[in-house]
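Heads up, the thing below is written out as structure tokens.
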Amino acid sequence: ALAPTDWRPHLALAALHWKLAAVCLRATPASPACATDVAAAASEYQALLALDLPPKLRAKVEWALAQLASANAGVRPAS
């Protein structure tokens, strides 16, 4: 289990899932299984919001969640 109050493992896992989702979604054809990595990244970022984060990191986490909720989740920034 992850350390409950340490944000670093959650951030690392979220970034890993984001990267896996991006690679998967860029593949031709993209696999429906890509949604699993998008959901896993979103779950880790959501878990981060429950922790005591520095303000700049909290803003980045909120940005990441907005990006993952967009149609191009994990591939490119939403407009």
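Sequential numbering from 1 along the given sequence is applied to the chain's residues. Side chains are part of it too, since the values below use all heavy atoms of this structure and drop only hydrogens, waters and symmetry mates. Here the structure is a predicted model, which is why all the values come from computation and not from measurement.
- With sequence neighbours excluded, the residues satisfying side chain to side chain contact (heavy atoms under 4.5 Å, CB included) with Ala40 are His17.
- Nearest heavy atom pair, residue Trp7 against residue Leu57, reads CE3-CD2, 3.5 Å.
- To the nearest 0.5 Å, atom OH of residue Tyr45 and atom CD of residue Glu62 are 13.0 Å apart.
- The main-chain N or O of Leu51 is found under 3.5 Å from a side-chain atom of Arg58 such that the two form a donor-acceptor pair.
- A single hydrophobic cluster is not seen to contain both Leu20 and Val38; linkage of ILVMFWY side chains at heavy-atom distances under 4.5 Å, directly or through other members, places them apart.
- Using a 4.5 Å heavy-atom cutoff, the side chains of Leu65 and Leu49 are in contact.
- Residue Cys34 comes nearest to Ala21 through the heavy atom pair O-CB, 4.4 Å, listed as atom of the first residue, atom of the second, then distance.
- Under a hydrophobic-cluster definition in which Ile, Leu, Val, Met, Phe, Trp and Tyr are linked whenever side-chain heavy atoms come within less than 4.5 Å, directly or via other members, Leu68 and Leu53 are assigned to the same cluster.
- Closest heavy-atom contact between Ala41 and Ala14: CB-O, 3.8 Å.
- Here His10 contributes atom NE2 and Ser43 contributes atom OG; the two are 9.0 Å apart, rounded to the nearest 0.5 Å.
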